Amino acid sequence: MSVRVQSALFDIGAETAAFAKGRAGVGAIVTFTGIVRDRASGGLSRMEIEHYPGMTERAIAGIETEAIARWHLIDSLVIHRYGALGVGDPIMMVATAAPHRGDAFAAAEFLMDYLKSRAPFWKKEVAADGAEWVAAKDADEDALRRW
Amino acid sequence: MSVRVQSALFDIGAETAAFAKGRAGVGAIVTFTGIVRDRASGGLSRMEIEHYPGMTERAIAGIETEAIARWHLIDSLVIHRYGALGVGDPIMMVATAAPHRGDAFAAAEFLMDYLKSRAPFWKKEVAADGAEWVAAKDADEDALRRW
Amino acid sequence: MIDVLYFAWVRERIGFPKERVETTAATVADLVAELKAREPRYEAAFADLTALRVAVDQTLSTFDAPLAGVREVAFFPPMTGG
Amino acid sequence: MIDVLYFAWVRERIGFPKERVETTAATVADLVAELKAREPRYEAAFADLTALRVAVDQTLSTFDAPLAGVREVAFFPPMTGG
């Protein structure tokens, strides 16, 4: 189980390869990567992500601990960036390794749903025509209820 | 959308990196990798995967076409190996790219559920104490019913 | 003439992966009946049809499927991909 | 003395990310009332508490949480991670 909160870019391929490397008992690996997407109207200059140092790591570790308690996982990884990100840059990544695919998928989706609404990050979209904090979606709060 | 049926080993990290590379509109990428796992009792020498050349590619392309019709996907990838595989080797991989995480996750799970029971592959576990065809699981057939 | 293919343990019981069959069978089930009448190994392979799946011209099908115009029939156990 | 932290648009409305507050407030809600009485920018930041979340000593909490022994309180909008 590991947590990394960083401003540095990370390499999805390299992280996936490192995570997948030779662990006994693993039959299924799921990864999720979130990427900065332009607005529907276009013109996004960058995304700025603010976080709460200290609480962020605690919250993510708590979420991972809960995932490990609920599913049969062999390992998990969460990487989440903060700072200024460009369109197409990876924002964050979750990876789960389990004996079976059901556990790997469910735990990855659970981690994502919790990160969306329970990890202290805030996104701001910055464009030439102004900057705007991304609003939380009711759908994200609803997604938590299924767990 | 792409399908690769091959005996050659593939590199999870390199495939993930290539799939994730700069596509406009992508906000979420999900990958699933299936890995040869030893038997609970240990001692697996190798896994042999037989397939039905011709039908395999058609079946997988059909499954991907259905996924693209049902979810908002920007791209998908299925790689599935056949032949003799060692413990810890990747068997297959599914990747989905979508604007939103819900579509990427659902399509990846759908593709997996269909590959398990509808793509013409058969696995045989070979060990020093004998060889055995892997039996289809009722749970895999049940998993299809949710879609 | 129909190409008949066998996979996994069906192939192992029959002893080879493929054969050309001269048949006037109207359906897959009729073809199975003809094959079973040939030799014990076919009898062994087709003993329990609920344990088998069939593809007709590379598309999953059923035992009551008609064979008119069909070029390829394959028999195999439930698939275990992924 | 409690460290009070502000994030995202709450921070922008208040004008700084952190301050030390001398308070005898019994609960988070009492602290909010004290702050709102200070200056219009606090009034602006805390105008709609349903749009805010609070963490007490780095754990998500509620506005009725007691402040006895607490070292750090943070106010922010609903989180948008992932």
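Note that the coordinates shown come from a computational prediction; the quantities given were computed from them, not determined experimentally. Chain naming here is simple, since letters A, B, ... match the order of the sequence lines and numbering starts at 1 in each.
- Between chain B and the residues A/Val30, A/Ile91, A/Asp11, the most heavy-atom pairs under 4.5 angstrom are made by A/Val30.
- Atoms CD1 and CE, from A/Ile29 and B/Met93 in turn, are 10.5 Å apart once rounded to the nearest 0.5 Å.
- Enclosure of atom CD in B/Glu132 is not indicated, since only 12 or fewer non-hydrogen atoms of other residues, nucleotides or ligands lie within 6.0 angstrom.
- Contact count versus chain B (heavy atoms, under 4.5 Å) is highest, among A/Ala28, A/Pro90, A/Ala20, for A/Ala28.
- Most heavy-atom pairs under 4.5 Å with chain B, from the set A/Thr16, A/Thr33, A/Ile12: that is A/Thr33.
- Looking at B/Lys21, neither its backbone nor its side chain comes within 4.5 Å of chain A, counting heavy atoms on both sides.
- Contact annotation for B/Asp113: both backbone and side-chain heavy atoms come within less than 4.5 Å of a heavy atom of chain A.
- Minimum heavy-atom separation, A/Gly13 to B/Ala17: CA-CB, 3.8 Å.
- No more than 12 heavy atoms of other residues, nucleotides or ligands lie within 6.0 Å of CG in B/Asp138, so this atom counts as exposed by the packing criterion.
- The two residues B/Arg101 and A/Ala143 come nearest to each other via the heavy atoms NH2-CB, 4.1 Å.
- Ring-plane geometry between A/Phe32 and B/Phe105 is classed as parallel, the angle between the planes falling under 30 degrees on a 0 to 90 degree scale with a further cut at 60.
- For the residue pair A/Ile35 and B/Val26, the shortest heavy atom distance occurs at CG2-O, 3.5 Å.
- Of the atoms belonging to B/Pro99, heavy atoms from both backbone and side chain fall under 4.5 Å from chain A.
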